[in-house]
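Just so it is clear, the values below take in all heavy atoms, side chains as well, and ignore hydrogens, waters and symmetry mates.
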Amino acid sequence: MPKSRIRKKADYTPPPAKQTTAIKLSNRAWVAPVMLAMFLIGLAWIVVFYVTDGSLPLDSLGNWNIVVGFGFIAAGFGVSTQWK
């Protein structure tokens, strides 16, 4: 059986250097204060509701005041996704 030819491998050539592109970061200094404010407003809303036996912050909402408080907290978590 005949021997197959041995292929000559090319010498290693490094890949071309990547050009670095400047990452443009937008100024998101507003995110942390808004996030913390939403958390604190939600927490304060729920605490005020429990401390006043449901007469404050909005008496007409009744137990839906808890949902409003957790809504503020959830909005704070939503804002936190914008933090870099």
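Under a hydrophobic clustering in which Ile, Leu, Val, Met, Phe, Trp and Tyr are joined whenever their side-chain heavy atoms come within less than 4.5 Å, directly or via other members, W30 and I41 fall into the same cluster.
For residues 31-41, no residue pair satisfies the side chain to side chain donor-acceptor pair (under 3.5 Å) rule, not counting sequence neighbours.
Residues satisfying the side chain to side chain contact (heavy atoms under 4.5 Å, CB included) test with I73, not counting sequence neighbours, are F39, I46, F70, F77. When the ring pair (Phe, Tyr, Trp, His ring centres under 6.0 Å) test is applied to F72, the partners found at least two apart in sequence or on another chain are W45. In this structure V67 satisfies the side chain to side chain contact (heavy atoms under 4.5 Å, CB included) test together with W64, sequence neighbours excluded. For L43, the side chain to side chain contact (heavy atoms under 4.5 Å, CB included) partners at least two apart in sequence or on another chain are V47.
The distance from atom OG of S60 to atom CG of N65, rounded to the nearest 0.5 Å, is 8.0 Å. For the atom pair D53 CG and D59 CG, the distance stands at 11.5 Å (nearest 0.5 Å). The OH atom of Y50 sits 15.0 Å away from atom CG of L56, with the distance rounded to the nearest 0.5 Å. Between L61 atom CG and I66 atom CD1 the span is 11.0 Å, to the nearest 0.5 Å.
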Residue pair F49, N63: steps toward the side-chain contact (heavy atoms from CB on, under 4.5 Å) verdict: CA-CA 9 Å; F49 173 72; N63 286 334; 3.4 Å; yes

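Minimum interatomic distance between A75 and M38 (heavy atoms only, all atoms of both residues): CB-CE, 3.3 Å. Closest of all the heavy-atom pairs between S80 and M35 is CB-SD, 3.1 Å.
Applying the 4.5 Å side-chain rule to ILVMFWY residues, one finds that Y12 remains a lone member of its cluster.
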